[in-house]
Undergrad: 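Let me give you the structure first, and then I'll get to my questions.
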Protein chains: 2
Amino acid sequence: MERGERWINEDSEFRKAYVIADGWAIRYKLLEDGRRQILNFLIPGDLVGYFSLLFSTSICTVEPLTPLVVHSFTPEKAFDAFRQSPQLAVALSWLAAQAERQLDEQLVRIGRRKATERMAHLFMEINYRLLRAGAPPQAAKHFPLTQPLLADALGMSHIHTHRTFRELIRAGLVSLDAGKVVLRDRNALSRLAGFDSSYLEQGPLPAPTREALAR
Amino acid sequence: MERGERWINEDSEFRKAYVIADGWAIRYKLLEDGRRQILNFLIPGDLVGYFSLLFSTSICTVEPLTPLVVHSFTPEKAFDAFRQSPQLAVALSWLAAQAERQLDEQLVRIGRRKATERMAHLFMEINYRLLRAGAPPQAAKHFPLTQPLLADALGMSHIHTHRTFRELIRAGLVSLDAGKVVLRDRNALSRLAGFDSSYLEQGPLPAPTREALAR
DNA sequence: CGTTCGATTGATACCTGTCAACAAGAGTGG
DNA sequence: CCACTCTTGTTGACAGGTATCAATCGAACG
């Protein structure tokens with residue numbers, strides 16, 4: 001898939017879910033007057049449209065930010081797999097649950113953090129997720145994000161986003177390189193954001209759940 | 001459970017999930033400096049802690065707003081039930097998916113709507129959900145919400161929340177009655193909020209998913 | 001070579017947060 | 001029963017954050 005193509009879940013009669021193999025995408029909602037809120041950024045390893053298999057209409061849009069490679073699966077395949085392996089069902093549920101935790105944090109970011117905190121926090125989250133997904137440490141510091149995208153993700157105007165971004169640059173925390181955001185000082189960013197990665201960590205299943213699953 | 005008791009998921013060694021039978025609760029996160037973001041309001045019929053069965057640490061707090069009656073179930077019971085009835089597993093997943101749609105909309109509300117729109121939109125959502133859960137039309141217009149709660153849910157200061165609330169009262173859209181929010185003019189609220197209920201509607205499962213499940 | 005999009009800047013208005021203060025009611029403990 | 005405290009609701013003044021408007025510039029694109 002190419003950047004800019006609109007990959008709206010609602011239109012596809014033949015419903016599928018996807019896992020992103022390579023590239024970035026965004027999931028967003030539009031208001032009638034054009035205001036846009038980006039709900040989350042989708043990177044390799046992320047699940048797309050899993051829950052939308054349960055609804056006949058989609059309420060949001062997914063759009064590639066870069067050339068995108070995805071794996072897809074149908075509801076039939078999913079249920080067949082679940083019957084053979086409850087572990088797989090739990091694994092997919094885990095991914096969905098993880099995504100919901102990120103939504104929770106996105107809510108805190110927008111609702112209760114100040115502009116610079118918001119931006120720094122988002123950068124740290126993406127960095128963490130890229131590393132978790134297996135990106136090399138250097139690659140995990142480069143984001144293909146424009147200021148309008150940041151604005152719509154952080155719930156600010158693009159102009160204020162620009163000023164906030166400049167502030168982070170001036171403080172030496174980030175920089176711009178060929179249209180890409182580059183993290184320069186993750187420690188300082190983390191401190192500024194009050195970033196606590198615990199909501200992103202992948203521990204083992206709790207013992208009771210593990211035992212119940214094994215039976 | 002009584003109001004004010006803290007019902008933190010993290011502390012309970014014996015992990016369970018819950019369905020609210022009666023009463024209201026909130027799910028929220030706190031920042032270190034005391035800022036609080038309410039992620040959602042929980043009303044009868046809502047699922048609590050379902051996904052947290054998959055994690056060993058909780059990242060948010062759940063707290064009753066009113067006297068609360070809940071049903072609980074353990075991971076073992078859940079998995080046993082799923083083995084007997086895939087339909088039940090899908091039903092629970094549907095509830096979780098529905099909750100995520102509400103999170104999406106909460107993000108749009110906070111990120112891209114103005115103060116009065118935010119408040120009106122939240123009121124409409126809760127009204128819709130109460131009706132969907134079987135509340136009588138009159139009861140579905142009365143919310144046990146205080147201004148500090150609204151503030152932390154809408155991502156605004158409690159003072160500005162007060163001003164915004166006064167504005168809705170002045171316009172005759174809502175009123176205060178014995179500490180409760182009362183909806184007076186749902187049509188006007190809906191119009192002001194730009195409320196579109198499609199994200200809350202419960203249609204049938206899409207055909208491919210239904211067929212895959214039936215096999 | 002127009003056109004579009006992103007980055008950038010300055011001026012201005014306004015929305016929103018903060019500070020300070022007080023009233024009223026609920027609950028608490030003496 | 002009376003302080004006393006805590007929460008909620010309320011108001012005004014004020015500062016500051018943020019949005020909006022207007023405009024320029026460069027790069028990418030067709």
Side-chain angles (χ1 to χ4, degrees), chain A residues 2-6 24 26 31 33-38 63-67 109-120 142-170 174-182 192, chain B residues 2-6 24 26 28 31 33-38 63-67 109-120 143-170 174-182 192:
Chain A
E2 288 305 317
R3 161 161 194 172
E5 283 184 55
R6 214 163 266 185
W24 286 51
I26 50 176
L31 298 186
D33 58 10
R35 284 178 282 182
R36 176 176 71 164
Q37 178 63 46
I38 294 179
E63 186 179 313
L65 288 183
T66 69
R109 206 151 43 207
I110 293 185
R112 282 298 179 227
R113 295 188 197 272
K114 289 183 265 192
T116 53
E117 294 173 358
R118 282 187 213 184
M119 192 174 288
H142 291 246
F143 307 157
L145 296 180
T146 66
Q147 290 178 12
L149 286 171
L150 286 172
D152 285 343
L154 299 175
M156 320 190 300
S157 73
H158 72 280
I159 300 201
H160 195 60
T161 301
H162 172 252
R163 285 194 279 252
T164 304
F165 191 55
R166 279 285 119 187
E167 199 174 327
L168 292 188
I169 291 181
R170 227 179 309 122
V174 299
S175 64
L176 255 185
D177 177 40
K180 289 193 162 192
V181 174
V182 183
L192 170 62
Chain B
E2 288 304 318
R3 162 161 193 172
E5 284 184 54
R6 215 162 266 187
W24 287 51
I26 50 175
Y28 63 85
L31 298 186
D33 58 10
R35 284 178 282 182
R36 176 175 72 164
Q37 178 63 47
I38 294 179
E63 186 179 313
L65 288 183
T66 68
R109 205 150 45 208
I110 293 185
R112 282 298 178 224
R113 294 187 198 273
K114 290 184 262 192
T116 52
E117 294 173 357
R118 281 187 213 185
M119 192 175 287
F143 307 158
L145 295 180
T146 66
Q147 290 178 13
L149 286 171
L150 286 172
D152 284 343
L154 299 175
M156 320 190 300
S157 71
H158 72 281
I159 300 206
H160 195 61
T161 301
H162 172 252
R163 285 193 284 246
T164 305
F165 191 54
R166 280 284 119 187
E167 197 174 328
L168 293 187
I169 291 181
R170 228 179 309 122
V174 300
S175 64
L176 255 186
D177 178 40
K180 288 192 163 193
V181 174
V182 183
L192 170 61

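This one's a predicted model, so the numbers in the text were calculated from it and none came from an experiment. Within every chain, numbering begins at 1; the chains are lettered A, B, ... in the order of the sequence lines, protein sequences first and strands thereafter. Values below: all heavy atoms of this structure, side chains included; hydrogens, waters and symmetry mates excluded.
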Undergrad: Just the rounded figure in Å: distance from C1' of D:dG9 to CG of B:Asp177.
TA: 15 Å

Undergrad: Whole angstrom is fine here: how far is it from CE in B:Met119 over to P in C:dC15?
TA: 15 Å

Undergrad: Could you check A:Gln147 against A:Arg112 and say which one's nearest nucleotide on DNA chain C is further toward the 5' end?
TA: A:Gln147

Undergrad: Given the structure, check if the side chain of B:Arg163 and the base of D:dG12 hold any donor-acceptor pair shorter than 3.5 Å.
TA: no

Undergrad: Could you tell me if the side chain of B:Arg118 sits less than 4.5 Å from the side chain of B:Arg113, heavy atoms only?
TA: yes

Undergrad: For A:Ile159 and for A:Ala115, find the nucleotide of DNA chain D with the closest heavy atom, then tell me which residue's nucleotide is more 5'.
TA: A:Ala115

Undergrad: Could you state the CG-C1' distance from B:Asp33 to C:dT18, rounded to the nearest angstrom?
TA: 14 Å

Undergrad: Round to a whole Å and report the spacing from CD1 of B:Ile110 to P of C:dC15.
TA: 20 Å

Undergrad: For C:dT8, does OP1 or OP2 lie under 4.0 Å from any side-chain N or O of A:His162?
TA: yes

Undergrad: What integer distance in Å separates B:Arg113:CZ from C:dC15:P?
TA: 18 Å

Undergrad: I need the CG-P distance between B:Asp152 and D:dT8, as an integer number of Å.
TA: 10 Å

Undergrad: Kindly say whether B:Ala153 contributes a backbone atom to a donor-acceptor pair with the side chain of B:Gln37 at under 3.5 angstrom?
TA: yes

Undergrad: Considering only side-chain heavy atoms of A:His160, which listed nucleotide, C:dT16, C:dT8, D:dT18, is closest?
TA: D:dT18

Undergrad: In whole angstrom, give the distance that lies between atom CG of A:Leu176 and atom C1' of C:dA7.
TA: 9 Å

Undergrad: Just call it for A:Thr146: base, sugar-phosphate, or nothing, with non-hydrogen atoms closer than 4.0 Å on any strand.
TA: sugar-phosphate

Undergrad: Start with the C-alpha distance between A:Arg166 and A:His162, add both sets of side-chain angles, then the distance that settles side chain to side chain contact (heavy atoms under 4.5 Å, CB included), and finish with yes or no.
TA: CA-CA 6 Å; A:Arg166 279 285 119 187; A:His162 172 252; 3.8 Å; yes

Undergrad: Could you check whether B:Glu117 pairs with A:Arg35 (Lys NZ or Arg NE/NH1/NH2 to Asp/Glu carboxylate O, under 4.0 Å)?
TA: yes

Undergrad: Quick check: does any side chain N or O of A:Arg170 sit under 3.5 Å from a backbone N or O of A:Phe165, one acting as donor and the other as acceptor?
TA: no

Undergrad: Round to the nearest Å and state the distance from B:Phe165 atom CZ to D:dT8 atom C1'.
TA: 12 Å

